[in-house]
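Here's the structure we're looking at; comments come further down.
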Amino acid sequence: MKLPVKIAVTGAAGQISYSLLFRIANGDMLGKDQPIILQLLEIEPALNALKGVIMELDDCAFPLIHGISASSDPMIAFKEVDYALLIGSRPRTKGMERKDLLEVNGAIFVGQGKALGTVAKKDVKVLVVGNPANTNALILSKNAKTIDPRNITSMMRLDHNRAMSKLAEKVGSHSTMVKNIIAWGNHSSTQYPDIFNATVEGKKASELVDKNWLVTDFIPIIQKRGAAIIEARGFSSAASAANAAIDHMKSWICGTAKDEIVTMGVASDGSYGIPEGLIFGYPCTCKDGRYTIVQGFAISDFSRKYIDITYTELCEERAAIQHLLT
């Protein structure tokens, strides 16, 4: 039997984590043969609710669970962890400007970055889900000074999955038949779901739909999907976000399929004209626990316009929290 690995999850009593933890415990992320120890982090007022979540995890009698701990101290929750899924962040409330959200959550990720850099394993793999995820991941990376920046990522997989599903629905196919779709840039309403390198059942996706649908329906629907879900159910995406987090980590750790390209928010390296210094949604493949940014995707003038918009937003976010990066 494999030795247990340690997994930290923050915001562990929240809605996303409630959908996430039971799937991790069931082996959906790391496989049915990988024992785990869960190290859960929550703010002090939510620890009693987290106690109830742990009771339920206990009551499932998951064979893979070899221990669960709960704490409000990241120095405890991140101790010697192999993987960290950072779900917890303050949501944007009525009257709050985006810059205010950046500042509030930025402070959280400064502290968590320092804690990870101090007590986590040096090869820990980190996924930031809490929004604004890309810039939070950047803050975390700059403050977790002993961790390779390549090991800190943000979640773009939800946008990727949404785009796959909507394109398949439009052309009367199935999401499994969609290949090479990419969600470039920021996990926000500026991210760009790009179908121009995608295929559906081997056919060029851009030849199966008209440009008017792309501009007036597809791109806005994917960009604003989160807001639409809040409007419909009164809460933000939870189960779909948890599923995307599972997908992201499984691809990264276990590898992508031979013909599979996924979207990951990773440190920019100059690829596709995006200078270093941002966490950007790129097309990636994964093998042996490492990701590679896929090169050679065609970028039309149409696509470049959208990519430039999301790049500009990320630069503006970075400028707003520049004081947290040193």
Side-chain angles (χ1 to χ4, degrees), residues 19-20 23 26-32 127 153-185 187 191-226 228-229 232 237-266 271-272 280-287 291-300 302-304 306-307 310:
S19 293
L20 175 75
R23 291 192 57 192
N26 194 47
D28 292 354
M29 187 173 90
L30 298 179
K32 305 292 185 180
L127 171 62
T153 64
S154 70
M155 193 173 79
M156 298 293 298
R157 191 62 170 268
L158 181 53
D159 308 297
H160 180 102
N161 288 349
R162 286 166 171 167
M164 286 177 64
S165 177
K166 187 55 63 177
L167 177 60
E169 177 187 305
K170 172 65 176 177
V171 301
S173 186
H174 191 271
S175 60
T176 55
M177 304 306 295
V178 177
K179 306 296 181 185
N180 295 357
I181 208 161
I182 297 301
W184 298 96
H187 177 58
Q191 55 92 8
Y192 170 50
D194 177 10
I195 72 165
F196 285 98
N197 294 280
T199 61
V200 185
E201 299 179 21
K203 301 173 184 176
K204 290 184 177 181
S206 59
E207 297 178 0
L208 300 176
V209 300
D210 62 80
K211 191 172 182 179
N212 183 62
W213 174 80
L214 195 65
V215 172
T216 62
D217 290 337
F218 178 73
I219 294 174
I221 284 172
I222 304 306
Q223 289 178 332
K224 299 175 182 177
R225 186 67 161 186
I229 289 171
S237 307
S240 58
N243 178 72
I246 293 282
D247 286 347
H248 177 109
M249 295 300 285
K250 184 177 180 181
S251 293
W252 189 6
I253 298 160
C254 302
T256 48
K258 185 177 180 181
D259 62 345
E260 183 183 26
I261 291 173
V262 299
T263 305
M264 298 174 67
V266 302
S271 295
Y272 297 99
F280 200 83
Y282 278 118
C284 295
T285 56
C286 304
K287 184 179 180 181
Y291 65 79
T292 300
I293 297 174
V294 178
Q295 303 297 325
F297 271 44
I299 305 296
S300 66
F302 176 89
S303 294
R304 178 56 64 184
Y306 282 98
I307 291 172
T310 195

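Values reported hereafter were calculated over all heavy atoms of this structure, with side chains retained and with hydrogens, waters and symmetry mates removed. Just so it is clear, the model here is predicted, and its values are computed rather than measured.
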>> As an exercise, state the distance from CE of M164 to CZ of R157, rounded to the nearest 0.5 Å.
In response: 8.0 Å
> Would V209 and L167 count as a side-chain contact (heavy atoms from CB on, under 4.5 Å) if you check the C-alpha gap in whole Å, the side-chain angles of each, and the deciding distance to 0.1 Å?
Replying inline: CA-CA 9 Å; V209 300; L167 177 60; 4.3 Å; yes
> Looking at residues at least two apart in the chain, or sitting in another chain, which of them share a side-chain contact (heavy atoms from CB on, under 4.5 Å) with T292?
Replying inline: T285
> What distance separates I181 CD1 from I222 CD1, expressed to the nearest 0.5 Å?
Replying inline: 7.5 Å
> Could you walk me through whether F280 and T310 pass the side-chain contact (heavy atoms from CB on, under 4.5 Å) check?
Replying inline: CA-CA 9 Å; F280 200 83; T310 195; 4.0 Å; yes
> Excluding sequence neighbours, so at least two apart, what forms salt bridge (charged side-chain N to carboxylate O under 4.0 Å, His left out) with K166?
Replying inline: E169
> Which residues satisfy the side-chain hydrogen bond (donor to acceptor under 3.5 Å, both in side chains) test with W252, sequence neighbours excluded?
Replying inline: none
>> Enumerate the ring pair (Phe, Tyr, Trp, His ring centres under 6.0 Å) contacts for residues 199-220, please, sequence neighbours excluded, ordered by first and then second residue.
In response: W213-F218
>> Go through it in stages, so that I can follow the logic: the residues are T153 and H248, the test is side chain to side chain donor-acceptor pair (under 3.5 Å), and I'd like the CA-CA distance, side-chain angles, deciding distance and then a yes or no.
In response: CA-CA 10 Å; T153 64; H248 177 109; 2.9 Å; yes
>> With rounding to the nearest 0.5 angstrom, report the CG to CZ distance, D194 to F302.
In response: 9.0 Å
>> Checking S173 now: which residues fulfil side-chain hydrogen bond (donor to acceptor under 3.5 Å, both in side chains) with it, not counting sequence neighbours?
In response: E201
>> To check you understand the geometry: which heavy-atom pair defines the closest contact between C286 and M264, and what is its length?
In response: SG-SD, 3.6 Å
>> Can you list everything that forms a side-chain hydrogen bond (donor to acceptor under 3.5 Å, both in side chains) with Y192? Sequence neighbours excluded, please.
In response: S303
>> Just to verify, what does D28 make a salt bridge (charged side-chain N to carboxylate O under 4.0 Å, His left out) with, not counting sequence neighbours?
In response: R23, K32
>> Testing the basics here: between V200 and A205, what is the closest heavy-atom pair and its distance to 0.1 Å?
In response: CG2-CB, 4.2 Å
>> Filter on salt bridge (Lys or Arg N to Asp or Glu O under 4.0 Å), then keep only pairs touching residues 171-180, sequence neighbours left out; what's left?
In response: K179-D259
>> Restricting to ring-ring contact (aromatic ring centres under 6.0 Å, His included), what partner residues turn up for H160, sequence neighbours left out?
In response: none
> From I182 CD1 over to D159 CG, what is the distance, rounded to the nearest 0.5 angstrom?
Replying inline: 11.5 Å
> Ignoring hydrogens and geometry, is there a side-chain-to-backbone donor-acceptor pair from S251 to D247 under 3.5 Å?
Replying inline: yes
>> Would the distance check show the side chain of N197 and the main-chain N or O of A298 forming a donor-acceptor pair, the cut-off being under 3.5 Å?
In response: yes
> Rounded to the nearest 0.5 Å, what separation is found between the CD1 atom of I229 and the CZ atom of R162?
Replying inline: 4.5 Å
>> Could you work out, with side-chain contact (heavy atoms from CB on, under 4.5 Å) as the rule, every residue matching I293, not counting sequence neighbours?
In response: V266, D269, S271, Y272, Y282, C284, Q295
> How far apart are the closest heavy atoms of P193 and Q223, and which atoms are they?
Replying inline: CD-CG, 4.5 Å
> Residues in side-chain contact (heavy atoms from CB on, under 4.5 Å) with N180, at least two apart?
Replying inline: I261, F297
> Is the side chain of Q191 donor-acceptor paired with the backbone N or O of G185 at a distance under 3.5 Å, no angle test?
Replying inline: no
>> With rounding to the nearest 0.5 angstrom, report the CG to NZ distance, L214 to K170.
In response: 10.5 Å
> For R225 and S165, does a side-chain donor sit closer than 3.5 Å to a side-chain acceptor?
Replying inline: no
> Residues two or more places apart in sequence or in another chain: which of them pass side-chain hydrogen bond (donor to acceptor under 3.5 Å, both in side chains) with R304?
Replying inline: none
